[in-house]
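Report on the structure given below.
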Amino acid sequence: MSADGRWIRPESTRKPVLGGARPGGVALGERGRTGPGPTPVSPADRRRRRPGPPRVPHPARPVLRADWLPLLAVLLVQAALSYHLILSNTAFIDEGTYIYAGYQEIAHLRHGTPVSTYETFFSGSPLIYPVVVAVADFVGGLNGARLLSLAFMLSATTAVHLATRRLHGSLAAFCAAAAFVALGPTQFLGGLATYDAMALAVLAWAGYFAVRLTTGGGYPSLVASGLLLALAGATKYAALLWVPVVCGIAVLAGPRGSLRSWEAWRRGLLVLLTFVVAVGAAALAAGEKYVNGFNHTTLKRAPGHDSYSYVASEAARWVGPLLVVALAGVLVQLVRARRRGGAAWPEFWLALLLLLAGLMAPVNQIRIHTWLSLQKHVDFGAWFSCIVVGLVLARTALWLKGRLHLVAGVAAAALVVGPLAWVGAAQGREMYGEWSNSKEFVAALEPYIVKGDDRYLVENYNVPAYYLRKQTTWQQWHDLVAVFRRDPATGEMQNGVPAIQAGIQAHEWKVVVLDFTQTGAIDKAIQPTLKASGYRVVTVVTSGKHGRYTVYVAPGYDKKP
């Protein structure tokens, strides 16, 4: 291992020297001669120098770089931790929503089948991840869709390894990858079929190409970084929060990174310009509905009701220890910059930028008072902060190796990553158990569901709609949120609880399912109307720890053959 933490000898950048001259104009190999002119060669020497038959070069043998082996071990551990989650629960409501929407979008693209206006309320384009995950689900079912997310997260881990290796060497790259895998949100996203994993992976590679741009890459890296930023933002709008971070990396990273260099700022501005052009073209092509959906779900999102302290405490529980280590790395860089000056200052500013990237998601959601999806969003910023964590762990290990022993350095890094992984694995299992297993509920509901004109009012209907998609259409399913109905007698438009109650009294809903969770107040308001209108309870299903579903059917409605 070299002093900079590499497990391999860096490749030489020198050109091969075919000949040279000694000081004073004496050519190498011309011993005893100082004058100009050609060196006389005897006939015997000519015979000895006569070229023989050309030698056939042997093809180069593929060699596995030594620093890929630790990365492979990290990826195997990550795959095992996430795959364990994949098999442990049925579909989450978001998974059912995106996969089901993807099937509809594919049918619309192929056959012109009517599709719901997902672009108005999805926080990402319904034509990107939902379509991709629907294909994965068609091939491998729900587990295939989740394995796609695992592949995206393995890709993100590879990207943080490659980016850190270019900046700080192989040992730091290994520590950064290990720290990223140790996080509970990383393991959770690797087993969840939502667009977070894809958006994070694309953003990670945008960050890598920004690093590559500053460490020897050219215009291909610049264009790749800007276009991937645009794709990440279109996949999930929340990923746009880290666009300034990627552009900042293009300014500060690498041997020529500097806050005072126009060349460095030019790199960052060109990445930003590429991103703006790509996003502008996509927005013009998408139309007004996408813009309204972006404003509704992201830019002008309605504030929630969670307290500042609750959101902050939950974020600290998931990524707090990692950010503390990253803060230590920033302080080390500050001390180093004050002592050495010069090129050490851009390294400090880069480390500070990467630390702030890890704080962006918690700060943004504290601002809008919502805990929703925080456990997924914090992993986006953690990817950047892991680069600083890898650096500080590598320097600590090398410092202890030089003064004590290599074992001390390895132990110090393990004492940080080990507890993170232990706690992260427990958090991943906890996150994956937050929704109830819907297997029994779907089995109880299936006999009453049939494709046709019958309408079903089901709280959080996306999961049963996903599992029963072959025997229904999307127009048959309705949630208890944002229900609109036109009174056939007066023509008056009704919405909310009055619309639901009127539909129940007219027996428009053949099946009604209440679980008294997300819309508990609405459930309590319409329950007396159900009883008064002759609806009967056919079953009450308890699924898992949290699920209790009460299934009502309209008078005269029964199981389908």
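The pair Asp137-Arg146 fails the salt-bridge criterion, with no side-chain N (NZ, NE, NH1 or NH2) lying under 4.0 Å from an Asp/Glu carboxylate O. In summary, Glu434 and Arg429 do not engage in a salt bridge, as defined by a charged side-chain N under 4.0 Å from a carboxylate O. Using a cut-off of 4.0 Å between Lys/Arg side-chain N and Asp/Glu carboxylate O, Asp453 and Lys510 are scored as not salt-bridged.
The distance between the ring centers of Tyr98 and Tyr195 falls below 6.0 angstrom. A centroid separation of less than 6.0 Å is found between the aromatic rings of Tyr308 and His369.
For Glu459 and Thr519, the side-chain atoms include at least one donor-acceptor pair closer than 3.5 Å. Using modelled atom types, one finds a donor on one side chain and an acceptor on the other under 3.5 Å when comparing Tyr118 with Gln104. A side-chain donor-acceptor contact under 3.5 Å links Asn364 and Arg367. For Asp94 and Thr194, the side-chain atoms include no donor-acceptor pair closer than 3.5 Å. Side-chain contact annotation: Thr90 with Ser438, donor-acceptor N/O pair under 3.5 Å present. Side chains of Thr157 and Gln78: a donor-acceptor N/O pair is present below 3.5 angstrom, by distance only.
The closest side-chain heavy-atom distance from Ile93 to Trp435 is not below 4.5 Å.
Around CH2 of Trp349, the count of heavy atoms belonging to other residues, nucleotides or ligands within 6.0 Å does not exceed 12. Counting heavy atoms of neighbouring residues, nucleotides and ligands inside a 6.0 Å radius, atom OH of Tyr83 does not exceed 12 of them. Around atom CH2 of Trp265, no more than 12 heavy atoms belonging to other residues, nucleotides or ligands sit under 6.0 Å away. Residue Phe138 places its CZ atom among 12 or fewer non-hydrogen atoms of other residues, nucleotides or ligands, all under 6.0 Å distant. The number of heavy atoms from other shown groups lying within 6.0 Å of NZ (Lys524) does not exceed 12. Other residues, nucleotides and ligands contribute over 12 non-hydrogen atoms within 6.0 Å of the CD atom of Gln475.
Among pairs with a residue in residues 486-495, those fulfilling side-chain hydrogen bond (donor to acceptor under 3.5 Å, both in side chains) read Arg485-Gln494, at least two apart in sequence or across chains. Sequence neighbours left out, not one pair with a member in residues 219-230 passes salt bridge (charged side-chain N to carboxylate O under 4.0 Å, His left out).
Ring pair Tyr237/Phe294 is perpendicular by interplanar angle, where above 60° counts as perpendicular and below 30° as parallel. Note: Trp205 and Tyr208 have perpendicular aromatic rings, judged against thresholds of 30 and 60 degrees for the angle between ring planes. Between His377 and Phe380, the ring-plane angle classifies as perpendicular under the 30° and 60° cut-offs.
Of the residues Leu252, Val271, Leu270, Leu269, the one that meets the side chain to side chain contact (heavy atoms under 4.5 Å, CB included) test with Cys247 is Val271.
For Val512, the side chain to side chain contact (heavy atoms under 4.5 Å, CB included) criterion is met by Leu457, Trp509, Leu514, Leu530, Tyr535, Tyr552, not counting sequence neighbours.
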**Message:** Between Val551 and Val540, is the side chain to side chain contact (heavy atoms under 4.5 Å, CB included) condition met? List the steps.
**Reply:** CA-CA 6 Å; Val551 181; Val540 177; over 6 Å; no
**Request:** For the pair Trp477 and Thr472, evaluate side chain to side chain contact (heavy atoms under 4.5 Å, CB included) and give the outcome as yes or no after the intermediate values.
**Result:** CA-CA 8 Å; Trp477 297 94; Thr472 59; 3.0 Å; yes
**Message:** Could you go through Tyr456 and Tyr461, starting from their C-alpha distance and side-chain angles, then the distance that decides it, and tell me whether this counts as side chain to side chain contact (heavy atoms under 4.5 Å, CB included)?
**Reply:** CA-CA 9 Å; Tyr456 312 118; Tyr461 70 83; over 6 Å; no
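Here the shortest heavy-atom pairing between Glu105 and Val115 reads OE2-CG2, 3.8 Å.
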